[in-house]
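In what follows, a single structure is set out as structure tokens and then discussed.
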Amino acid sequence: MVDATGRSSLSPLHKCTAVIRMLAYGTSVDSVDDYLRICETTTLKCVDKFTRGVISIFGAQYLRRPNAKYIERLMRMGEARGFPSMLGSIDCMHWEWKNCPVALKGQYVRAGSNNDINVLNQSNVFNDVLQGRAPKIHYTIDRTGYNKDYYLTYGIYHEWTTFVKSIPMPQGDKRKLFAPHQEWARKDNERAFGVLQSQFAIICNPTRSWHLDTLRRIMNTYIILHNMIVEDERATYGENFDFSYDHLNNDLTILPNDSNIDFQEFLRRRFDVRDKQIHRRLQQDLIEHI
């Protein structure tokens with residue numbers, strides 16, 4: 001390709017090929033240089049521009065949050081697996097940060113704590129619930145009514161009303177029947193992580209000493225590309241969903257413009273999410289349901 005000055009230059013297709021090869025095969029920058037004749041500095045700059053471009057163009061479509069209609073579809077899928085009103089599974093995938101800068105040591109993993117819990121405390125999965133923006137639902141399991149959807153998790157997570165944990169050592173026939181059902185339904189999440197790692201081998205290995213914002217953009221790019229592949233290959237995604245939140249405005253409760261009232265309401269929702277009694281009752285009702 002000839003640039004504006006008349007000199008031979010790298011084409012955009014050439015640069016994108018180098019980036020995709022580096023992300024998909026987990027190869028080093030040196031190997032890309034040997035194969036495509038692109039120097040290290042240019043390749044790293046292409047990675048940055050490629051991830052920014054993918055997120056800017058496709059992020060709104062492929063990093064969207066589910067609306068009420070899509071949540072209803074997820075609940076139907078959960079009910080087909082034996083768990084009424086289940087949204088899916090929650091888990092954590094670790095991407096090792098090789099040669100972490102000394103100045104940042106210990107800021108993201110505290111001694112004696114678990115990475116999954118640290119990630120959960122910084123996650124925005126439950127922000128809509130705590131801020132009152134989540135779609136209102138109501139369902140009944142074993143003659144008990146509930147108004148919050150839930151995710152399947154394993155035993156290390158908190159006893160929240162939005163979690164249904166596994167039983168590590170079940171006692172009794174009912175619990176022994178429930179445990180493998182819960183673990184089987186939770187395998188979807190593990191498979192998704194496995195497919196993501198097989199498609200983009202770079203996350204199977206310790207990453208470079210990139211800045212955290214760069215790592216976040218790279219991971220978001222993986223998710224966008226993965227969602228593109230799923231949408232292209234699976235016929236079940238052929239349905240037309242309205243992913244806007246315009247139709248949910250009438251369902252939301254508008255609080256007075258009082259910061260004290262808003263904060264009290266936030267604390268009430270936070271207490272409801274962390275209610276251990278509801279968590280245990282929901283698990284017991286699901287055991288009876290199974």
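For the numbers below, each heavy atom of this structure counts, side chains included, while hydrogens, waters and symmetry mates do not.
A continuous path of Ile, Leu, Val, Met, Phe, Trp and Tyr side chains, each step under 4.5 Å between heavy atoms, connects I55 with I20, placing both in one hydrophobic cluster. Transitive grouping of hydrophobic side chains (ILVMFWY, heavy atoms separated by less than 4.5 Å) brings I287 and L177 into a common cluster. Placement of V195 and F200 in two distinct hydrophobic clusters is found when ILVMFWY residues are connected by side-chain heavy-atom separations under 4.5 Å, directly or transitively. Transitive grouping of hydrophobic side chains (ILVMFWY, heavy atoms separated by less than 4.5 Å) keeps W184 and I290 in distinct clusters.
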I would like to know whether I224 and M228 meet side chain to side chain contact (heavy atoms under 4.5 Å, CB included); could you show each step before the answer?
CA-CA 6 Å; I224 291 173; M228 286 182 175; 4.0 Å; yes
* Chi angles and distances behind the side chain to side chain contact (heavy atoms under 4.5 Å, CB included) call for F271, L267 -> CA-CA 6 Å; F271 176 79; L267 292 180; over 6 Å; no
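Minimum heavy-atom separation, F83 to F178: CE2-CE1, 3.7 Å. Shortest non-hydrogen contact noted between I141 and Y139 is CD1-CE1, 3.6 Å. Between D275 and T161, the closest heavy-atom pair is O-CG2, 3.3 Å. Contact record, P84 with Y150: O-OH, 2.5 Å, taken as the closest heavy-atom pair.
Between E159 and the options Q283, H279, R280, a side chain to side chain donor-acceptor pair (under 3.5 Å) holds for only R280.
Distance CG/L87 to CE/M77: 11.0 Å, rounded to 0.5 Å. In this structure, the separation between CD on Q199 and OH on Y222 is 11.5 Å, given to the nearest 0.5 Å. To the nearest 0.5 Å, atoms CZ (R186) and OH (Y154) are separated by 8.0 Å. In this structure, Q182 CD and L152 CG are separated by 5.0 Å, a value rounded to the nearest 0.5 Å. Rounded to the nearest 0.5 angstrom, T221 OG1 and L23 CG are separated by 7.5 Å. For the atom pair OG (S85) and CZ (R76), the distance works out to 12.0 Å, reported to the nearest 0.5 Å.
The number of heavy atoms from other shown groups lying within 6.0 Å of OH (Y25) does not exceed 12. More than 12 heavy atoms of other residues, nucleotides or ligands lie within 6.0 Å of CZ in R268, so this atom counts as buried by the packing criterion.
A salt bridge links R217 with D48; the closest basic N to acidic carboxylate O contact falls under 4.0 Å. With respect to the salt-bridge test (charged N to carboxylate O, under 4.0 angstrom), the residues R269 and D272 do not qualify. Remark: K187 does not engage E183 in a salt bridge, criterion side-chain N to carboxylate O under 4.0 Å.
Here the side chain of K165 pairs a donor or acceptor atom with the backbone of Y157 at under 3.5 angstrom. Between the side chain of R21 and the backbone N or O of A18 there is no donor-acceptor pair closer than 3.5 Å.
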What side-chain donor-acceptor pairs closer than 3.5 Å can you find for residues 167-175, not counting sequence neighbours?
residue, atom, partner, partner atom, Å
K174, NZ, E288, OE1, 3.0
K174, NZ, E288, OE2, 3.1
R175, NH2, Q284, OE1, 3.4

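Two residues are said to be in side-chain contact when any heavy atoms from C-beta on lie closer than 4.5 Å; T162 and V273 meet this criterion. You'll find the side chain of Y146 reaches within 4.5 Å of the side chain of R281, heavy atoms only.
A parallel orientation is assigned to the rings of F163 and W160, their planes being inclined by less than 30° (bins at 30° and 60°).
Taking the side-chain hydrogen bond (donor to acceptor under 3.5 Å, both in side chains) definition, one finds that T42 meets it with nothing, sequence neighbours left out.
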